[in-house]
Amino acid sequence: MSTALPALPESGAEGTGTGRYLPRFLLWLLERTEGDTGISVPCAEFAAAQSISGGVLDTVLERLRGHAMVRVRDGGPDGPEAAFEPAGLEQARWLRARRASPAERGRYARQALLSWIFARAHGRPVRLAEFFDSRELFFFGEALSAGEVTQAASYLAQQGLITASAGHLGDGFEAPVSLTPLGVDAALSEADVGRYVEQQRELARPTTTTENVFHGTVHNVVGGDQRVSGGIHFPQPSAVPELAAVIRRLVPELGLDEEARAALLEQLDALDGGAGGRPGDATAGGPATPADPDGTPGPDRREGVLERIRTALYASPDTVARQVVLDAVGQAMGRLLG
C-alpha cells in the first residue's frame, strides 16, 4: 500500500482549508467510477455537494493531479472532468477502508471532539449539541453518528479529559461539558488522544518503592512511528555521583540529537567532577564554590549544573525516561535547597 497523501494526516483528521477536500474528492470519485480508471466524471456535482466554489475545485484537482492521483481534462460547459490514475484509485480504496473502520472512526471522534471543545470553550462549558453543526463532525466527508459522538464523549469523560459523565450524555446532548486541566494538556500536546492517555498511565507507574528503586517503561520513537519498549530498573540516587551515573545510563533513551546529547554529557561530567568540569571551578558557567570531601562540586555549583541539566532535558521527547530523570533531578535540587 502506498503512503497517504501529504495532505492527509495520519491521525485521521482531514486537515484545514482545501486539504480536507482531497480525500473527500477521491472517495466521491470512487463512488462515481466504481473503481474504473477509464471513466471520466464531471466534477461540478462534487463542488455543489460540498458547497465550494469553482476556484476551490480547481485547486483540489490541481493538487491531486500534482500527486499523480487523477487525470483532469476540460469538459467544456460542464466544467472539468476527472479520472483516476492507478495511485489515486489505490489511495481511494485505502481511504474507504479507513472510513469504514470502527476503530479509525472512534479514534477520529475522540480526537475531533477534544479539539473542538478546546477551540470553542475558552474556559467556559459548551453544549455537545453544537458539535453536530461543526465541520469536525465529518470523517473523510461522512458525518459521525450520534452513537459515535456519545462513545467519544464517554471515553473522554472516563479518562478525566472532560467534565461530563456518561450518565449526562444522553439528554439530547444539551448537557454542558468543559475540559479538565488534563484535557487542556492533552489538546495542547496535539498528540493522539489514545496515545496521550497511555502515556499518562505510564507516567503514573514510575514510583519510588520501599526498596528505593525506580520502575517504569521507556517508550521511544525510532524510524518514524515505530515504538519500542524497555524497562527501567535502577536504585534511586541518593548522592550526586550516583545521580550522574543514572542519567548517563538513560541518555540513549532520551532521544536527544548529537549536539544536545554532547551538551548533556558535559553537564554530567561537571556534576560529578569529571572531564567536563573540575570540582569547585566555574567552567560550566556556575559560581565557583568549594568542593565537597567526595570531590563533587559544592552545593551552589551543583544547583546551577542541575538546573542546566533540567533545562537541557526539556528539549528531549516526552518519554518516561525523561520524566524519571526530571523527577530525580528535582529531588536532588530539593535536597540541596534543604
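Note that the structure is a prediction, hence the values are computed from the model and not measured.
Rounding to the nearest 0.5 angstrom, the gap separating the CZ atom in Arg99 from the CG atom in Leu27 is 4.5 Å. One finds the CZ atom of Arg63 at 13.5 Å from the CG atom of Asp58 (value rounded to the nearest 0.5 Å). How far CG of Asp192 is from CD of Glu198: 9.5 Å, rounded to the nearest 0.5 Å. The CD atom of Glu136 sits 11.0 Å away from the CD1 atom of Ile117 when rounded to the nearest 0.5 Å. The CG atom of Leu26 lies 10.0 Å from the NE2 atom of His67; values are rounded to the nearest 0.5 Å. If you take CD on Gln151 and CG on Leu156, they are separated by 12.0 Å, rounding to the nearest 0.5 Å.
For the pair Leu57 and Cys43, the tightest heavy-atom approach, listed with the atom from each and the gap, is CD2-O, 3.8 Å. Here the closest non-hydrogen pair linking Ala109 and Glu148 is CB-O, 4.2 Å. Between Ala153 and Ile162, the shortest heavy-atom distance links the atoms O-CD1, 3.5 Å. Closest approach of Ser40 and Ala83 over heavy atoms only: OG-CB, 3.6 Å. Scanning all heavy atoms of the two residues, the minimum distance from Leu182 to Gln200 falls at CD1-OE1, 4.0 Å. Closest non-hydrogen pair, Leu268 versus Val251, comes out as CD1-CG2, 4.3 Å.
Using a 4.0 Å cut-off between charged side-chain N and carboxylate O, Arg248 and Asp269 make a salt bridge. A salt bridge is absent between Glu90 and Arg93; no separation between the charged side-chain nitrogens and carboxylate oxygens falls under 4.0 Å. Salt-bridge formation is not detected for the pair Glu31/Arg96: no Lys NZ or Arg NE/NH1/NH2 atom is positioned less than 4.0 Å from an Asp or Glu carboxylate oxygen.
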Could you check Gln159 against Arg201 for side chain to side chain contact (heavy atoms under 4.5 Å, CB included), going step by step and ending with a plain yes or no?
CA-CA 10 Å; Gln159 302 304 325; Arg201 290 173 180 166; 3.4 Å; yes
For the pair Phe25 and Gln50, evaluate side chain to side chain contact (heavy atoms under 4.5 Å, CB included) and give the outcome as yes or no after the intermediate values.
CA-CA 10 Å; Phe25 183 85; Gln50 298 293 322; over 6 Å; no
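A heavy-atom distance below 4.5 Å is found between the side chains of Leu179 and Leu114. At least one side-chain heavy atom of Val41 sits less than 4.5 Å from a side-chain heavy atom of Trp28. You'll find the side chain of Arg135 reaches within 4.5 Å of the side chain of Arg20, heavy atoms only. Taking 4.5 Å as the limit, some side-chain heavy atom of Phe84 sits within range of a side-chain heavy atom of Leu30. Between Phe138 and Arg24 there is a side-chain heavy-atom pair separated by less than 4.5 Å. Residues Arg98 and Tyr108 fail the side-chain proximity criterion, which asks for heavy atoms closer than 4.5 Å. Annotation: side chain of Phe131 is not in contact with side chain of Val126 (no heavy-atom distance under 4.5 Å). Side-chain contact between Leu113 and Val193 is absent, with no heavy atoms from C-beta onward closer than 4.5 Å.
Although no hydrogens or angles enter the test, the distance criterion places a donor-acceptor pair under 3.5 Å between the side chain of Ser189 and the main chain of Ala186. Between the Tyr196 side chain and the Glu190 main chain, no donor and acceptor come within less than 3.5 Å of each other. A donor-acceptor pair under 3.5 Å is absent between the side-chain atoms of Arg71 and the main chain of Ala82, judged by distance alone. A side-chain donor-acceptor contact under 3.5 Å links Thr180 to the backbone of Gly160. Here the side chain of Thr163 pairs a donor or acceptor atom with the backbone of Ser178 at under 3.5 angstrom. With hydrogens and angles ignored, the 3.5 Å screen pairs no side-chain donor or acceptor of Glu81 with any backbone N or O of Arg73. One N or O on the side chain of Thr150 and one on the backbone of Ala146 form a donor-acceptor pair closer than 3.5 Å.
Figure legend: Arg110 and Tyr155 shown as a cation-pi pair, the cationic atom lying under 6.0 angstrom from the six-membered ring centre and within 45 degrees of its axis. For the pair Arg32 and Phe46, the cation-pi test (distance below 6.0 Å, angle within 45°) is failed.
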